[in-house]
Amino acid sequence: MSLPPAPADIFAHLRARIVEALRALLPEVPEEAFARVTVEPPREAAHGDMATNAALVVGKAAKQAPPKLAAALAEKLTALPEVTEASPAGPGFVNIRLDEGFIRAQLGVILAAGETYGQGAPRPGRINVEYVSANPTGPMHVGHCRGAVVGDALAALLAKAGHEVCREYYINDAGAQVQALAYAAYWRYLQALGTTLTEDEYAQLIPGGLQYRGDYLVPVGEALARHHGDALAETGTAHGPGLAGPDRWFATVRETTVAMMMDMIRDDLAALGVQHDIFISEAAMVAEGKLDAAEAQLNAQGLIYRGVLEPPKGKTPDDWEPREQTLFRATQFGDEVDRALRKSDGSGTYFANDIANHLGKIERGFDALVHVWGADHGGYVKRMQAAVAALSDRRVSLDVVLAQIVHVVKDGAPVRMSKRAGTYVTLRDLIDEVGRDAVRFTMLTRKADAQMEFDLDLVVQQSRDNPVFYVQYAHARCRSVLRAAGEPADLAAAPLDALTDPAELALIRRMAGWPRVVEAAAAAREPHRVAFFLNDLAGDFHLLWNKGREDSSLRFIQEGDPEGTRARLALVAATAAVIRSGLGVMGVAPVEEMR
RNA sequence: GUCUCCGUAGCUCAGCCGGAUAGAGCACCAGAUUCCUAAUCUGGGGGCCGUGGGUUCGAAUCCCGCCGGGGACACCA
């Protein structure tokens, strides 16, 4: 009896064998009954390599007692060459022990695939992942950073799982904030021309006051002065160059400023290694009439009406008064209240523009939409899901991943964040302080919706406490061994019988679970699972390494035993490949040595 | 008041579309430590999984109530 060829995913392989066995045992049971069958490593290693709930899940449809069905299934599975033992257990589990040669053969698969190990087969359906989408009103700060990293890693994870992914940045360049930005840039322009107005005097003259006082707008003002001279200003006033009517300068200033801010943001993103495939401008979209199109479509579906909303219960704003607005029937799609599309003055709400944006995505043919938002936008999720459901006739899904606040800590004390320029931590500051890879990895060591402390001291610390270091160190150790062995070629074909130690087999089993982790993490939209997997994998490897300190027969390079050495080097090379595969998803560069 | 996320070891957190005796790191205790890369290693103690009900053969996981914490709550973006 010879083993089957090593499969790309041993869990999927076993699941397929189990379902086949069930079909043979229960020909009258419909296929849907098998959908909930899972194969996973049992918590208790003594129970074997894998366990399946098949008999428990199918028992009802088969009208059989699970323990009895489990026994029959176990007998079938025992007949498989790759299974050395299958036994019914507990209320109806089947525990499975795999042939060690079958497990070892996974190394050949890993080495043949290299860093692409874990790559899922192409799946139907295109996914749009929107992330960052910071307002183009200034440099990126740490608050944006987590969403950027989570979004980027999630997009990579979905691609790894086999999805076709589009990475999108939505530029909020149409609202009041951008208007305030233009006025702030205009102030720097007047300064560049030599106005004698003071900052406070200027702030008095403009609507809403001077909101953006950071000096990052100085270059914008200078650029405007350089290209337009004093043509955008009122000349000959008591202050020299002064405030002119908006129609003379506003469109020009706004456009230049947004473009320069986006250049700055793109530079920040590049420093973080974050990529987007497409940038969508809110202003451009409105100009194209997308808002009207979206409203017309919803109107045609009978989902729009004029009405007055109740004040929010328990907390009525001081200036609340009943106003008639154009409303969207979000309640028909699971939201608590209907939501305003147009303000009482008839202009579109931000929500309306966002609906238009989503109509655009649906029209571009995506089957699933994913957003990464700050947790402060949590209250916005239901209405957006309602809108997407309405616009797509419930065909397109919208998942929102909420990224919680990051508290930066240094020397045990919180680093203060303030919107006033100069006192807040920019993304650049953070990258300069600890490096891009430490930032990215650390941002993924916690579930996105859990608050996180970013300890500037810890992330550069070289110790077990620091997962960035721990994982990188494992990779560096692998590389060090392979260098010492003279970078052997063709390890995928190495005979592997020498790998028999429990620690060696545990390492292989861990790596064999990587495709499964990719699939599950992608389905759950949880890129942090990759960081935890790598931490566990590094732990398995360090454990084996440390055993080699005690027991020299477990060291990787064995003088006088070329075949055993090649088997171990295959194990080491596979470990390095899987770590690189995982770091690739996280966007972290593996290191060759610790320096 | 409504919605939402959270509550797991002393600390920081995994596990959650139900599955067998609930995990990791740190901290603590006890040992080891002239090692392919040093930035340690091995072992141990430690838990009414916030709480009270419910569903189920089976609940940290699903449902409802309560307690405690974060966030969001017409027209802003």
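Numbered from 1 within each chain, the chains take letters A, B, ... in sequence-line order. Just the heavy atoms: all of them, side chains too, but no hydrogens, waters or symmetry mates, feed the values below.
Summarising the local packing, CD1 of A:I280 is surrounded by more than 12 heavy atoms from other residues, nucleotides or ligands at distances under 6.0 Å. Other residues, nucleotides and ligands contribute at most 12 non-hydrogen atoms within 6.0 Å of the CZ atom of A:R36. More than 12 non-hydrogen atoms from other residues, nucleotides or ligands lie less than 6.0 angstrom from CD of A:E40.
Look at the C1' atom in both B:U40 and B:G25: the space between them is 15 Å, to the nearest Å. The gap from the P atom of B:U2 to that of B:A9 amounts to 29 Å, rounded to the nearest Å.
Looking at heavy-atom distances under 4.0 Å, A:E453 makes no contact with the nucleic acid at all. Within 4.0 Å (heavy atoms only), A:H528 reaches sugar-phosphate atoms of the nucleic acid but no base atom. Nucleic acid contact for A:N353: none, since no nucleic acid atom lies under 4.0 Å from a heavy atom of the residue. Heavy atoms of A:R483 sit under 4.0 angstrom from at least one base atom. If you check every strand for non-hydrogen atoms under 4.0 Å, A:S480 touches a base. Using a 4.0 Å heavy-atom distance criterion, A:E592 is classed as a base contact. Residue A:A476 is classed as a base contact, given a heavy-atom separation below 4.0 Å to a base. When heavy atoms are screened at a 4.0 angstrom cut-off, A:G175 is found touching the sugar-phosphate backbone but no base atom. When heavy atoms are screened at a 4.0 angstrom cut-off, A:L341 is found touching no nucleic acid atom at all.
Residue A:V308 forms a side chain to side chain contact (heavy atoms under 4.5 Å, CB included) with just one option from A:E324, A:R323, A:E321, and that option is A:E324. Each of A:L458, A:T445, A:L534 was checked for a side chain to side chain contact (heavy atoms under 4.5 Å, CB included) with A:P467, and the lone residue meeting it is A:T445. Partner of A:D399 under the side-chain hydrogen bond (donor to acceptor under 3.5 Å, both in side chains) criterion, out of A:H371, A:R525, A:Q385: A:R525 alone. A side-chain hydrogen bond (donor to acceptor under 3.5 Å, both in side chains) with A:T326 is found for exactly one of A:R342, A:E295, A:K343, A:R306, namely A:R306.
In this structure, A:H407 does not reach the B:U12 phosphate: none of its side-chain N or O atoms is under 4.0 Å from OP1 or OP2. A:K343 has a side-chain polar atom (N or O) that falls below the 4.0 Å cut-off from OP1 or OP2 of B:C76. Here A:Y473 reaches the OP1 or OP2 of B:A39: one of its side-chain N or O atoms lies under 4.0 Å away. In this structure, A:R323 does not reach the B:A74 phosphate: none of its side-chain N or O atoms is under 4.0 Å from OP1 or OP2. Here A:R383 does not reach the OP1 or OP2 of B:C3: none of its side-chain N or O atoms lies under 4.0 Å away. For B:C41, neither phosphate oxygen OP1 nor OP2 lies less than 4.0 angstrom from any side-chain nitrogen or oxygen of A:K547.
Atom CD of A:E593 is separated from atom C1' of B:U37 by 9 Å (rounded to the nearest Å). Taking atom CG on A:L309 and atom C1' on B:C3, their separation rounds to 16 Å, with Å as the unit. As rounded to whole Å, 13 Å separates atom P of B:C26 from atom CZ of A:F469.
Checked by distance alone, A:R549 brings no side-chain donor or acceptor within 3.5 Å of a matching partner on the base of B:U42.
For A:D551, the side-chain hydrogen bond (donor to acceptor under 3.5 Å, both in side chains) test picks out A:S553, with sequence neighbours left out.
Rounded to the nearest 0.5 Å, atoms CZ (A:F556) and SG (A:C478) are 7.0 Å apart.
With the 3.5 Å cutoff on both pairing distances, Watson-Crick and G-U pairs in RNA chain B assemble into runs of at least 3 at B:1-7 with B:67-73, B:10-13 with B:23-26, B:28-32 with B:40-44, B:50-54 with B:62-66.
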Enumerate the protein-to-nucleotides 17-20 of chain B contacts in which both atoms are nitrogen or oxygen and the separation is below 3.5 Å.
from: B:A20; atom 1: OP1; to: A:R43; atom 2: NH2; distance (Å): 2.5
from: B:A20; atom 1: OP2; to: A:R43; atom 2: NE; distance (Å): 3.0
from: B:A20; atom 1: OP2; to: A:R43; atom 2: NH2; distance (Å): 2.1
from: B:A20; atom 1: N6; to: A:N95; atom 2: OD1; distance (Å): 2.5
from: B:A20; atom 1: N1; to: A:N95; atom 2: OD1; distance (Å): 3.1
from: B:A20; atom 1: N1; to: A:N95; atom 2: ND2; distance (Å): 3.1

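Using cut-offs of 30° and 60° for the angle between ring planes, the A:F532 and A:H528 rings count as perpendicular.
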